[in-house]
Trainee: 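After the structure tokens below, expect a handful of questions from me.
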Amino acid sequence: MQTAIFLYDKFTALDAIGPYQALSSLPGYETVFVAERSGPVLDDNRMLSLVARKSIDEVTRPDILVVVGSGQPDLGNDTVSDWLRAVDAHTTWTASVCTGSLILGAAGLLKGRRATTHWLAMDKLERFGAEPVDERVVFDGKYVTGAGVSAGIDMGLSLVGRVAGDTHAQAAQLMMEYDPRPPYDAGSPDKAPAALVERFRGAGLALE
């Protein structure tokens, strides 16, 4: 059994590491980072690389596929879209974190499906025929989408629960000591200071 986490240039690091930490606990699963070409892939801060051990040509039938997000998700790559459609035909679960759902949408995989993404990109889901849902983790059939960045941990643990049962997911959460107590209550546009929300809405995301 294989879990493939798809990386690309300027990916957001926690989008990949959060699900990896949770999903790598699945018994009997090999977890691999995969990219269009194998080798180091640089994150959006240009200071950290993760190594994709395999290229998309080498990963053809993953059981779980996770597509990570970015402030600049690669939505126009036909080679990647073709690969996503091909592997999705065989996955048990196809998942995303943050704007990774837009990449799934660009490949035509979310038409008519409920999905979520980063709060700044929620309206962009509609252009791909998805139904935007303002929830932390959204399941629609075998498709699992997580909201922005840190929601990848919740998505990963939720998926672990579906695959291996609640007790295994609780054990993974306990060993991660995932017991969030953030120092500020500003983790969503509903809670953050209005000036901050407007500042980021004005800047937007580079999604074209």
Side-chain angles (χ1 to χ4, degrees), residues 2-24 29-91 93-111 113 115-122 124-125 127-128 130 142-153 155-156 159 203-208:
Q2 186 181 66
T3 298
I5 301 176
F6 177 66
L7 307 176
Y8 51 91
D9 187 49
K10 297 182 181 178
F11 75 97
T12 297
L14 186 57
D15 282 12
I17 294 300
Y20 165 78
Q21 196 67 45
L23 293 169
S24 62
Y29 278 75
E30 171 201 32
T31 303
V32 298
F33 290 109
V34 58
E36 190 170 359
R37 288 169 291 278
S38 61
V41 184
L42 199 58
D43 82 330
D44 51 4
N45 288 323
R46 320 312 282 166
M47 293 184 288
L48 180 147
S49 293
L50 291 181
V51 176
R53 297 281 181 188
K54 295 182 181 293
S55 71
I56 58 176
D57 293 334
E58 299 174 280
V59 177
T60 58
R61 296 179 73 99
D63 300 280
I64 299 173
L65 169 67
V66 179
V67 178
V68 305
S70 167
Q72 300 179 54
D74 188 0
L75 304 181
N77 190 321
D78 291 337
T79 300
V80 169
S81 290
D82 289 345
W83 176 75
L84 290 173
R85 287 189 290 269
V87 297
D88 177 70
H90 304 286
T91 58
W93 298 98
T94 295
S96 67
V97 183
C98 197
T99 56
S101 59
L102 300 183
I103 297 175
L104 291 180
L109 300 179
L110 295 181
K111 288 181 181 177
R113 299 193 177 278
T116 192
T117 188
H118 191 281
W119 63 273
L120 277 175
M122 196 70 74
K124 306 299 190 298
L125 277 173
R127 77 168 66 169
F128 301 118
K142 74 170 187 174
Y143 297 92
V144 194
T145 51
V149 191
S150 65
I153 300 173
M155 185 280 292
L159 193 46
L205 294 174
L207 299 176
E208 303 302 328

Trainee: Is any side-chain heavy atom of Q21 closer than 4.5 Å to one of I153?
Mentor: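 No, their side chains stay 4.5 Å or more apart.
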Trainee: How long is the span from the CD1 atom in I103 to the OH atom in Y8, to the nearest 0.5 Å?
Mentor: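 These two atoms lie 3.5 Å from each other.
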Trainee: Can you tell me if S38 uses its side chain to pair, donor with acceptor, with the backbone of A35 under 3.5 Å?
Mentor: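 No; judged by distance alone, with no hydrogens or angles, the pair does not exist.
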Trainee: So for atom CZ, which belongs to R61, do other residues, nucleotides or ligands contribute more than 12 heavy atoms lying within a distance under 6.0 Å?
Mentor: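 No - once you tally the heavy atoms of other residues, nucleotides and ligands closer than 6.0 Å, there are 12 at most.
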Trainee: Is there a side-chain contact between L125 and L102 in this structure, where contact means two heavy atoms from C-beta onward sitting under 4.5 Å apart?
Mentor: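 Answer yes - side chains close enough.
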Trainee: With no hydrogens and no angle check, is any side-chain donor or acceptor of D63 less than 3.5 Å from a backbone partner on Q2?
Mentor: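 Side chain of D63 to backbone of Q2, a donor-acceptor pair under 3.5 Å: yes, one is there.
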Trainee: Do T117 side-chain atoms and A147 backbone N/O form a donor-acceptor pair below 3.5 Å?
Mentor: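 No, the answer is negative, given that no donor and acceptor are paired below the 3.5 Å cut-off.
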Trainee: Test your reading of the model: is there a side-chain donor-acceptor pair from N45 to the backbone of M47, 3.5 Å cut-off?
Mentor: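 Side chain of N45 to backbone of M47, a donor-acceptor pair under 3.5 Å: no, none is there.
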Trainee: Which pair of heavy atoms, one from F128 and one from L75, lies closest together, and at what distance?
Mentor: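 Result for this residue pair: CZ-CD1, 4.3 Å.
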Trainee: Taking atom OG of S24 and atom CD1 of I17, what is their separation to the nearest 0.5 Å?
Mentor: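 Between S24 OG and I17 CD1, I get 9.5 Å after rounding to 0.5 Å.
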Trainee: Roughly how far apart are I56 CD1 and N77 CG, rounded to 0.5 Å?
Mentor: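 So the gap between those two atoms works out to 7.5 Å.
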Trainee: Of all the heavy-atom pairs spanning D43 and A13, show the shortest one and how long it is.
Mentor: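 Shortest heavy-atom separation between D43 and A13 comes out as OD2-CB, 4.1 Å.
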Trainee: Taking G156's backbone N and O only, do any of them form a donor-acceptor pair with Y20's side chain (distance below 3.5 Å, no angle check)?
Mentor: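 Not at all, since once roles are kept as given, no pair shorter than 3.5 Å links the two residues.
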Trainee: Looking only at non-hydrogen atoms, find the nearest pair between A95 and M155 and report the distance.
Mentor: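 Looking at all heavy atoms of both residues, the closest pair is CB-SD, 3.8 Å.
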Trainee: What is the minimum heavy-atom distance between T99 and A121, and which atoms define it?
Mentor: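 Minimum heavy-atom separation between T99 and A121: CG2-CB, 3.9 Å.
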Trainee: Out of curiosity, S101 OG to K124 NZ, how far, rounded to the nearest 0.5 Å?
Mentor: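 If I round to the nearest 0.5 Å, the distance is 12.0 Å.
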Trainee: Taking all heavy atoms of A16 and all of V68, pick out the closest pair and write down the distance.
Mentor: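 Here A16 and V68 meet closest at CA-CG1, 3.6 Å.
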Trainee: Counting C-beta onward and ignoring hydrogens, is there a side-chain heavy-atom pair between T12 and Q72 closer than 4.5 Å?
Mentor: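 T12 vs Q72: side chains apart.
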Trainee: Measuring from atom OH of Y29 to atom CD1 of I64, what distance do you get when rounded to the nearest 0.5 angstrom?
Mentor: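 Here the rounded value is 4.5 Å.
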Trainee: Are R53 and V32 close enough that some pair of their side-chain heavy atoms sits under 4.5 Å apart?
Mentor: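 No. Closest side-chain heavy atoms not under 4.5 Å.
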Trainee: Determine the minimum heavy-atom distance between G71 and P73, stating which atoms define it.
Mentor: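 Shortest heavy-atom separation between G71 and P73 comes out as C-CD, 3.5 Å.
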Trainee: Y143: which residues meet the side chain to side chain donor-acceptor pair (under 3.5 Å) condition with it, sequence neighbours left out?
Mentor: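 Partners of Y143 under the side chain to side chain donor-acceptor pair (under 3.5 Å) test: D88.
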Trainee: Quickly, which of L42, L50, D44 forms a side chain to side chain contact (heavy atoms under 4.5 Å, CB included) with F11? Name it, please.
Mentor: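 Testing F11 for a side chain to side chain contact (heavy atoms under 4.5 Å, CB included) against L42, L50, D44 leaves exactly one candidate, L50.
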Trainee: Quick check: does any side chain N or O of W83 sit under 3.5 Å from a backbone N or O of E36, one acting as donor and the other as acceptor?
Mentor: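 Not confirmed, W83 side chain does not pair with E36 backbone.
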Trainee: At what distance, to the nearest 0.5 angstrom, does CD of E58 lie from OG1 of T60?
Mentor: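 One finds 10.0 Å between CD of E58 and OG1 of T60.
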Trainee: Answer yes or no: does atom CZ of F33 have more than 12 heavy-atom neighbours from other residues, nucleotides or ligands under 6.0 Å?
Mentor: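 Buried by this count: over 12 neighbours within 6.0 Å.
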Trainee: Within the 4.5 Å heavy-atom criterion, are I5 and T31 side-chain neighbours or not?
Mentor: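 I5 reaches T31 side chain to side chain.
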Trainee: So does T116 get a backbone contact from the side chain of T145, meaning a donor-acceptor N/O pair under 3.5 Å?
Mentor: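 Yes, because the side chain of T145 sits within donor-acceptor range (under 3.5 Å) of the backbone of T116.
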Trainee: Treating K142 as the side-chain partner and T91 as the backbone partner, does any N or O pair qualify as donor plus acceptor under 3.5 Å?
Mentor: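 Yes; judged by distance alone, with no hydrogens or angles, the pair exists.
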